[in-house]
Amino acid sequence: MGKKFIESILGKRIEEVSRRAKILVFQFDDGTAIVGHLKMTGKFLFVPKNYVRQKHDRILFVFSGGAEHLVWSDIRTFGYLKCVSVEGLDEALCKYGPEPLETSVELLADRLCTPSSRTIKAALLNQECIAGVGNIYADEACHRAGIRPTRRLSSLTAKNRTEVIKEVKKILQKSIDLNGTTSNDYVDTNGTQGGFSVLLKVYGRANLPCLKCKTPIKKIVLVGRGTHYCPTCQR
DNA sequence: ATATGCACCTGTGTGC
DNA sequence: TGCACACAGGTGCATA
């Protein structure tokens with residue numbers, strides 16, 4: 001990490017840790033804050049004080065009086081942390097759409113109600129439309145709602161929109177309850193793997209039989225992302 | 001307005 | 001066993 005970043009946070013007290021969309025926020029007592037994104041392989045891990053530095057570690061947070069250190073590591077180095085002012089914090093967070101778990105089905109479904117020709121999957125992945133939904137959960141929500149990820153927003157019925165939003169909410173809540181989805185190397189701050197993986201119906205199941213109807217799950221590329229769906233259950 | 005391709009990186013799995 | 005290649009949870013930008 002840069003010397004500038006270290007200097008900007010050294011000695012400050014973290015008052016609150018929160019999240020908006022996929023952005024983590026560490027709020028300091030002077031109004032400044034660290035904002036960060038883990039991207040795909042980033043993680044925070046509490047480690048003992050005798051912890052030995054690992055290859056992909058990018059910063060080790062040492063707290064005065066703390067029993068443990070906090071390490072930020074990131075294999076692919078796509079993630080970032082930066083220290084921002086009060087205004088910088090607003091600016092970093094203002095572009096995101098509503099939080100799916102803090103917003104009504106009606107309001108969220110309305111955001112999909114547009115004559116737009118873009119696909120439902122593109123809309124779900126667009127953080128300005130709805131915050132926080134990633135590739136796995138977009139595929140899973142479409143499957144459970146019986147909607148093909150390739151469907152255009154303009155072709156969706158009000159019922160389709162409501163269904164997919166309801167599924168987004170259910171899936172995200174369930175995944176949070178189960179500590180997320182570990183597909184490769186995701187772990188939480190205690191090193192625990194996510195338990196949602198076993199509930200995946202389509203993601204990572206290309207060519208395997210649909211759990212509902214046995215049709216082989218199809219995998220295509222959509223919005224530049226691996227996209228999984230059942231050609232029978234999803235229309 | 002939207003889609004596509006690529007870029008940022010490293011690691012892993014697969015096929016030859 | 002080694003090598004080449006495709007692909008991976010995300011996003012931003014340049015181009016079509």
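Throughout, protein chains are lettered first and strands after them, A, B, ... in sequence-line order, and every chain is numbered starting at 1. Worth saying up front: this structure is predicted, and the values here are computed from it rather than measured.
Base-pair partner of C:dG9: not found among the strands shown (Watson-Crick or G-U wobble, both distances under 3.5 Å). In this structure, C:dT1 makes no Watson-Crick or G-U wobble pair, since no nucleotide meets both defining distances under 3.5 angstrom.
Taking the side chain of A:Arg76 as heavy atoms from C-beta on, and the options C:dA8, C:dG12, B:dC8, the nearest nucleotide is C:dA8. Here the side chain of A:Thr77 is nearest to one of C:dC7, C:dT11, B:dC9, namely B:dC9. Distance from the side chain of A:Asn135 is smallest for C:dG9 among the nucleotides C:dG9, B:dG11, B:dA3. Side chain of A:Arg225, nearest nucleotide from C:dG10, B:dG11, B:dA3: C:dG10. Here the nucleotide nearest the side chain of A:Lys39, chosen from C:dT11, B:dA3, C:dC7, is C:dT11. Side-chain atoms of A:His56 lie closest to B:dG11 of the nucleotides B:dA3, B:dG11, C:dG10.
Straight-line distance from the CG atom of A:Leu38 to the P atom of C:dT11: 11 Å, rounded to whole Å. Here the C1' atom of nucleotide C:dG12 and the CG atom of A:Leu125 are 15 Å apart, to the nearest Å. Distance, A:Asp139 CG to C:dG10 P: 10 Å, rounded to whole Å. Note: CG (A:Asn207) to P (C:dC7) measures 13 Å, nearest angstrom. One can place CG of A:Leu200 at 11 Å from C1' of C:dG9, the figure rounded to the nearest angstrom. At whole-Å resolution of the value, CG in A:Asp74 and C1' in B:dC9 are 9 Å apart. Between the CD1 atom of A:Ile220 and the C1' atom of B:dA3 there is a distance of 13 Å, rounded to whole Å. If you take CD of A:Gln127 and P of C:dT11, they are 5 Å apart, rounded to a whole angstrom.
A:Gly134 comes within contact range of the sugar-phosphate backbone alone, with a heavy-atom separation under 4.0 Å but no base atom that close. In this structure, A:Tyr137 reaches neither bases nor backbone, as no heavy-atom distance under 4.0 Å exists between it and the strands shown. Using a 4.0 Å heavy-atom criterion, one finds that A:Thr181 contacts the bases of the nucleic acid, with or without backbone contacts as well. A:Lys95 comes within 4.0 angstrom of sugar-phosphate atoms only, judged by non-hydrogen atoms across all strands, and of no base.
By the criterion of side-chain heavy atoms lying less than 4.5 angstrom apart, applied directly or through intervening Ile, Leu, Val, Met, Phe, Trp or Tyr residues, A:Val105 is grouped together with A:Val164 in one hydrophobic cluster.
Atom NZ of A:Lys49 is surrounded by more than 12 heavy atoms from other residues, nucleotides or ligands within 6.0 Å.
Projected onto DNA chain C by closest heavy-atom contact, A:Lys219 and A:Val223 fall at different nucleotides, the more 5' of which corresponds to A:Lys219.
For the side chain to side chain donor-acceptor pair (under 3.5 Å) test with A:Asp139, the passing option among A:Arg205, A:Lys201, A:Lys121 is A:Lys121; the others fail.
With both ends at atom P, the span from B:dT4 to C:dC7 equals 16 Å, rounded to whole Å. Across B:dC8 and C:dC3, the matching P atoms stand 25 Å from one another, rounded to whole Å. Straight-line distance between the P atoms of B:dC9 and C:dC13: roughly 16 Å, to the nearest whole Å. If you take atom P in B:dG5 and the same atom in C:dA6, they sit 14 Å apart, rounded to whole Å. If you take atom C1' in C:dG9 and the same atom in B:dT2, they sit 24 Å apart, rounded to whole Å.
Of all the heavy atoms in A:Leu108 and A:Pro100, the pair that sits closest is CD1-O, 3.6 Å. For A:Tyr137 against A:Ser175, the heavy-atom pair with the smallest separation is OH-OG, 2.5 Å.
The aromatic rings of A:Phe26 and A:Phe61 sit parallel to each other, their planes meeting at less than 30°, with 60° as the upper class boundary.
Under a 3.5 Å cut-off, the side chain of A:Glu99 and the backbone N or O of A:Ala21 do form a donor-acceptor pair.
Applying the 5.5 angstrom centroid cut-off and the 30 degree plane-angle cut-off, the aromatic ring of A:Phe78 is stacked upon the base of C:dG10.
Regarding contacts with the backbone of B:dT2, a side-chain N or O of A:Ser116 is found under 4.0 angstrom from either OP1 or OP2.
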